[in-house]
2 protein chains.
Amino acid sequence: MTARRSEAPGTRAGARGALSDAAVARLPLYLAALTALAADGRTTASSEELAAATGVGAAALRKDLSQLGTHGTRGVGYDVERLAAQIAEELGTSRARSVVIVGVGRLGQALADYDGFASRGFRVRALLDADPALAGHEVAGLAVRPVDELEAAVAGCTPCIGVIATPAAAAQGVCDRLVAAGVRSILTFAPVVLAVPEEVDVRRVDLSLELQVLAFHAQRRPGGLPSPAQAPAQAPAPAAAGVTA
Amino acid sequence: MTARRSEAPGTRAGARGALSDAAVARLPLYLAALTALAADGRTTASSEELAAATGVGAAALRKDLSQLGTHGTRGVGYDVERLAAQIAEELGTSRARSVVIVGVGRLGQALADYDGFASRGFRVRALLDADPALAGHEVAGLAVRPVDELEAAVAGCTPCIGVIATPAAAAQGVCDRLVAAGVRSILTFAPVVLAVPEEVDVRRVDLSLELQVLAFHAQRRPGGLPSPAQAPAQAPAPAAAGVTA
DNA sequence: TAGATTGTTAATCGATTAACAATC
DNA sequence: TAGATTGTTAATCGATTAACAATC
């Protein structure tokens, strides 16, 4: 039941190397699709179905799964329950994982009671904020603690994933403390590049980046933005009006 | 869908083809780094500096910028202000862009007053929610409107980027309405694959996906998760002490 | 000029797609 | 068996890196 990744050197070696980063990022998509299928009472699914449900190519999907060491059945497809369990195992999602959130502004609060975390085995163990006014406040069933208690909070949550939802200026300091406290996995929402030791895994979600990419595409779409029919040449909008319908 | 660039037809054409998706996603990083440098009073920056600040390779960065049609100066580097302006222009960030947010739960609220949006030229024009109890409530200076008014709200916000922050079950319906109302760019936080016509650009941010990817890496990290005990083996710091400098 | 650094090409690396033999 | 669908290989495509000539 443990990670059989470092498997016995007898099993057809070479079959599965490490999954590529791109492949790993697709695993949660497969898992979500399988969960939905299972909820519908489906017991098997073909690579084509899963591909359609996830937006991934069928060939890529089959390759990912085979590298996982799964066993679909030729002529039939994959066993929904079994594959879901296998992916969950692979992702470490079958075990509960602990999370500490630093920064309890609106975003931190939103994350604290985000359904998608709990339903995938993530348990928020502590909420920390530098603002003393917030301390004691209850969010998502947890009392917000002063950031001084970061180390203590992390100690009570191994292995711990740290989530940084502070303003950009505070992020590196918080990151340093998390790392010093032993946290090796960090998800940050602060729009800064965090410096960390090599063994620490940082993933960054930049909300405004996504919007900027959309804006880029919109701008060069044929009828998208460039033709400002009624829009004033440069200055786009007064931004004053109430807009109300 | 040739990425027809509108620029003044005189600038050495042919030099830049369409930027790859990967390159486009790096533009906001460059812009942020340049903004930070400008704030520090720096007037020029080399590709090496920008690479270090963004975590991108210097060669890749130079290639991206040259495809943008920029002009750095050999032996000197890039003009910080000028390059920032050029990238902002390219991203459409220099013009204010309008945004409508559907779903005003915690996440929607967090997005509504996220600094990173406003500071990059995104203006939230309307907040919509299906819950009548929320209607009229003020969030980030805007009154929440009933979702019935979606079409009207979109009409008052061209060109409009739609942000979906509803529960998964509601997402496709909202998406359909946005598309019908003319929205071509959608950012969704709902963990479902949205079906849209080809001309609509959808980007999806899946918060739990990021956490799952972190969990995957943690699980196969040498001292990461597999060892159940407190694993002092590799762990560098005791994690107990106050750590205060 | 001498030193620095870009813009660009060629080489490498990796990921996706297509195809099909294996096999349920 | 006949039909379906996997697992895997080979081909394609794209992105990153290295290197260096151009040139400020």
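Note that these values count all heavy atoms, side chains included, but never hydrogens, waters or copies made by symmetry. Naming: A, B, ... by sequence-line order, numbering from 1 per chain.
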To the side chain of [X], which of [options] is closest?
X	options	value
A:Ala59	C:dG7, C:dA18, C:dA15	C:dA18
B:Arg62	D:dT6, D:dC20, D:dT17	D:dC20
B:Ser66	C:dG7, C:dA19, C:dT6	C:dG7
B:Lys63	D:dT8, C:dT17, C:dT9	C:dT9
A:Ser46	D:dG7, D:dT6, D:dT16	D:dT6

#### Entry: Flag, side chain of A:Gln219 to backbone of B:Gly92, donor-acceptor distance under 3.5 Å
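Indeed, once roles are kept as given, a pair shorter than 3.5 Å links the two residues.
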Output the rounded distance in Å from [atom1] ([X]) to [atom2] ([N]).
X	N	atom1	atom2	value
A:Arg74	D:dT5	CZ	C1'	9 Å
B:Glu48	D:dA19	CD	C1'	13 Å
B:Asp79	C:dT5	CG	C1'	15 Å
A:Arg26	C:dG14	CZ	C1'	12 Å
A:Asp64	D:dG7	CG	P	12 Å
A:Leu83	D:dT5	CG	P	16 Å

### Message
Other residues, nucleotides and ligands only: do more than 12 of their heavy atoms fall within 6.0 Å of CG on B:Asp21?
### Response
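At most 12 heavy atoms, drawn from other residues, nucleotides or ligands, come within 6.0 Å of this atom.
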### Query
Are OP1 or OP2 of C:dT6 and a side-chain N or O of B:Ser47 less than 4.0 angstrom apart?
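Answer yes for this pair, as a side-chain N or O of B:Ser47 is under 4.0 Å from OP1 or OP2.
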### Query
Hey, is the side chain of B:Tyr78 poking within less than 4.0 Å of OP1 or OP2 on C:dG7, counting only N and O atoms?
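It does, given that an N or O in the side chain of B:Tyr78 lies less than 4.0 Å from OP1 or OP2 of C:dG7.
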#### Entry: Any strand: nucleotide that pairs with D:dT23 via Watson-Crick or wobble, under 3.5 Å
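Answer to the pairing question: C:dA4, which forms a Watson-Crick or G-U pair with D:dT23.
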### Query
Looking for any heavy atom pair under 4.0 Å, which part of the strands does B:Ala22 touch: base, sugar-phosphate only, or nothing?
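Since only primed, P, OP1 and OP2 atoms lie under 4.0 Å of B:Ala22, the category is sugar-phosphate.
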